[in-house]
Amino acid sequence: RRLLLAVCFAAARGVEYDVVVYGATPAGIAAACAAADFAAGAGLHLSVALVEPSAYIGGMAGPGGIGLRDHQTNLPELMKSTMLEWGMYNAEYYNVSYPVWQPSSYVSESSFQRLVARRAGLKLFVNESIVEGTGVVRNGRAIHSIRTKNTITGAQTEWQAAQFVDAGYEGDVMIQANVSFTYGREANTTYNESFGGVTNEAGGNFPVFVNATFANGTLLKYVLPDGPGVVGGADHKLMGFSYRLCITQTATNQAPFTPPPGYNAEDFELLRRLYIASQGAGKPAGSLPFGALAYNSYPPGDKRDACDAGMQTPITTDAANLNAGYVLGTQAERQRIAQEHRYYVQGLLWFILTDPSAPEKLRSELKSYGLCKDQWPENGHYPPQLYVREGARLVGDAVFSQNDRIESSKLCRNDSIAVASWGIDIHVMQRYARHTAQGVQAWNEGQTSPGMGGSFPFELPFSVILPQRAEVSNLCVPVCASVSHVIFAGIREEPTLWQLGQAAGVAAALAAHKGADVAVQDVAVDAVQAELFRQGMAYHYPVRSNCSAPAPPAPPAPTPLQPNDMIGFACSPDHAAQQRWVLDAEQQTLRLEADPTLCLTINTTRPAFQAHGQALVAARCAQPPTALQQWAQPPATAFAPIKHATPLPCVLAPTQPCQCVNIAFGGTAVELWECGGSNTRDLWRFDSNTRQIVEQQSGLCLTRHIAG
């Protein structure tokens, strides 16, 4: 049946739908598909519009370049429904049987287009940006319509609907609807959060004194004049934005790094001083400004995701301080901020390549990469989507905060609609001039370890996507959700936002089905859960239909660490007998130098200690070597995966393809795991001098464990 709105409104170019979703981010696409799937499952005719302000769809998972790489690696049960459908569309392109979570951007967008196109009643519109200032028309507590302007033609459209979903990264519909919202950090006293508010430290900070002023006393670029503010207090600062570049060491697919227009090396004087001061103090200057993360489960295996290296070096591809004014800025101001970020990232890399102060080791490593030539050629091979790590946040009738973040095995929430599992991952919040006895020092503030507070599954209630009942009755907000800044750092990953988007789409469709005057706050959460369950999306972990249902059996306990197991251990001459390797290129084996009869071997019968992938062991070399003993050899000049020829099902996560040698996240066990997965440590280099095999992120060596 066709649902009609109770309110009529004259507009020059008026269109009418039951549900309008603004923002074709992963959450927005999930919401639109979920609303359409509800209608199809119930035998209803429900019209859904998915309205995107840019020319691209997929947000950070497409034009942003990161796919769904931050998926719940150890919780594949959460990667289901339309998420898995998208992953398997990607798999079709690469002709593999497992989901591909970080494909090339053009594959990602094509798969998103397929998700939308196969759903009756769902229409996609791009280049439709909300009108500034007058983009939301209210009728009492209800949003009557939103107004957009086509960025190509200039024509305006008024989108009327019974229910709306704001799935944009900025929260523009929410803001213009005049509901309660905030941005930045709450004080630690607001919600009694131990991680809340301003701090005075940051992970990966400046290892040496770096003067933040020129000789005339003016500050270097990218340094604030004062800070950090009152420790524990509130502010309006945001996590650093960036561009997540696609880079590759495959020469045939490399586009060269180039300077940005108007490049001025003096803009990067802070980096020059860091290099000089570090060398003078005999300390390493840190890593490249990004970690070259292998594309997650990407079959060709030759693309890297340039994610900031904030825990390894103080100046990274995250642009501290440049996002000031973004949340409430005009579209022109936001475009200027995006251009400043592009200049910063592009200029930073060019400085490392060309300035004599840059350590030769870093320059050489960067020279081995180029931009992926097949990605975004229309945009100079840079992602079109700025990584907006956080925008505004809804303040609903309830705000989910740090003390509500309770492991799902200890608290099953009856009103849960999604499961998050990330740590409290706060990126750099500011860089400021700190006055010390030595002088004015550059100092970072806010960066945390990705696993701060622990990485575990926790359930998110229906209230996080709902505005206050007294303010608006027909809007869901799955991205800029009603959570504290601390919690947003742990739910901002795209797979979690996808889950929240899917729940928002279901809730909006249920409300629209009941009638134009029904408040989305009045939709029963058990009805939302029932439809999510029908669509195959988990909202409890362990997965079950409700908290009273029996939980599935726990996975078997991991086997203890055994002699000959592989571990990551501190590189040292004292352990040479267990850390020195011989690379046999002809037989494709890795042999222990102290006992060449022992080869690196996959044990397919058990998982690694405290891990989910297969155990890797030193076992007798067969003659000829078996397939379980043959590997791509680690190079001596760059970091690369040690890859097995064929992916195998992971022991405790059989839907995951295990293929690369990896140090398990949060431990030292070495396992066979998916290549480039979330939190993987799977890039290795063979040191031809020490004959040790070193992992890039941890700095640990591939080591044979012996008893005692």
Which atom of Arg492 lies closest to which atom of Tyr387, heavy atoms considered = NH1-OH, 3.3 Å
When you check the side-chain N and O atoms of Ser484 and Glu193, is any donor under 3.5 Å from an acceptor?
-> yes
How are the rings of Phe181 and Tyr183 set to each other: parallel, tilted or perpendicular (split at 30° and 60°)?
-> parallel
Between Asp397 and Arg469, is the closest basic N to carboxylate O distance under 4.0 Å?
-> no
Does a side chain donor of either Ser401 or Asn403 reach within less than 3.5 Å of an acceptor in the other side chain?
-> no
Mind checking the CG-CD spacing from Leu628 to Gln614? Nearest 0.5 Å is all I need.
-> 9.5 Å
Might you point out which heavy atoms bring Val464 and Val483 nearest each other, and give the distance in Å?
-> CG1-CG1, 4.1 Å
To the nearest 0.5 Å, atom OH of Tyr539 lies from atom CD of Glu531 at 10.5 Å
Indicate the atoms forming the closest heavy-atom contact of Leu245 with Pro383, along with that distance.
-> CD2-CD, 3.7 Å
Can you tell me if Asn662 uses its side chain to pair, donor with acceptor, with the backbone of Leu672 under 3.5 Å?
-> no
So OG of Ser482 and CG of Leu460: to nearest 0.5 Å the spacing works out to 11.5 Å
Would you find a donor on one side and an acceptor on the other, under 3.5 Å apart, between the side chain of Gln385 and the backbone of Tyr243?
-> no
If you look at every heavy atom in Gln529 and Asn414, which pair is closest and at what distance?
-> NE2-O, 2.9 Å
Just checking, is any N or O donor in the side chain of Tyr295 or Asp302 under 3.5 Å from an acceptor N or O on the other one?
-> no
Classify the ring geometry between Trp86 and Trp498 as parallel (under 30°), tilted (30 to 60°) or perpendicular (over 60°).
-> tilted
Look only at the side chain of Thr82 and the backbone of Ala30, and say whether a donor-acceptor pair between them is shorter than 3.5 Å.
-> no
Search all heavy atoms of Ala392 against all heavy atoms of Cys480 and return the closest pair with its distance.
-> O-CB, 3.0 Å
Taking all heavy atoms of Met88 and all of Tyr98, pick out the closest pair and write down the distance.
-> SD-C, 3.8 Å
Phe125/Trp159 under ring pair (Phe, Tyr, Trp, His ring centres under 6.0 Å): CA gap, chis, key distance, verdict = CA-CA 11 Å; Phe125 303 87; Trp159 308 82; 4.8 Å; yes
For residues Gln163 and Cys476, determine if any side-chain heavy atom of one lies less than 4.5 Å from a side-chain heavy atom of the other.
-> no
Between Arg405 and Gly453, is there a donor-acceptor pair closer than 3.5 Å when you use the side chain of the first and the backbone of the second?
-> yes
Got a donor-acceptor contact below 3.5 angstrom from the His644 side chain to the Ala627 backbone?
-> yes
Spacing of CG belonging to Asp526 relative to OG belonging to Ser545, to within rounding of 0.5 Å = 11.0 Å
Taking the side chain as every heavy atom from C-beta outward, state whether Ile130 and Tyr22 have any pair of such atoms under 4.5 Å apart.
-> yes
Interatomic distance, CD@Gln375 vs OG1@Thr248, rounded to 0.5 Å, equals 10.0 Å
Between OG of Ser416 and CD of Gln499, what distance do you get to the nearest 0.5 Å?
-> 8.5 Å
How about Asn296 and Glu674: do any of their side-chain heavy atoms sit closer than 4.5 Å?
-> yes
Decide whether a cation-pi geometry holds between Arg69 and Tyr298; the criteria are a distance under 6.0 Å from NZ or CZ to the six-membered ring centre and an angle within 45° of the ring axis.
-> no
Is the side chain of Asp166 donor-acceptor paired with the backbone N or O of Val477 at a distance under 3.5 Å, no angle test?
-> no
Any chance the side chains of Ser473 and Gln521 put a donor and an acceptor closer than 3.5 Å?
-> no
Hey, is the main chain of Gly490 close enough, under 3.5 Å, to the side chain of Asp425 for a donor-acceptor pair?
-> no
Have Glu390 and His485 got a donor and an acceptor in their side chains that come within less than 3.5 Å?
-> yes
Got Arg244 and Met60 here, is their nearest side-chain heavy-atom distance under 4.5 Å?
-> yes
Within the distance-only criterion (no hydrogens, no angle test), does the side chain of Glu52 pair as donor or acceptor with the backbone N or O of Gly58 below 3.5 angstrom?
-> no
Would you mind checking if Glu85 and Arg118 are paired as a salt bridge, meaning a charged N to carboxylate O distance below 4.0 Å?
-> yes
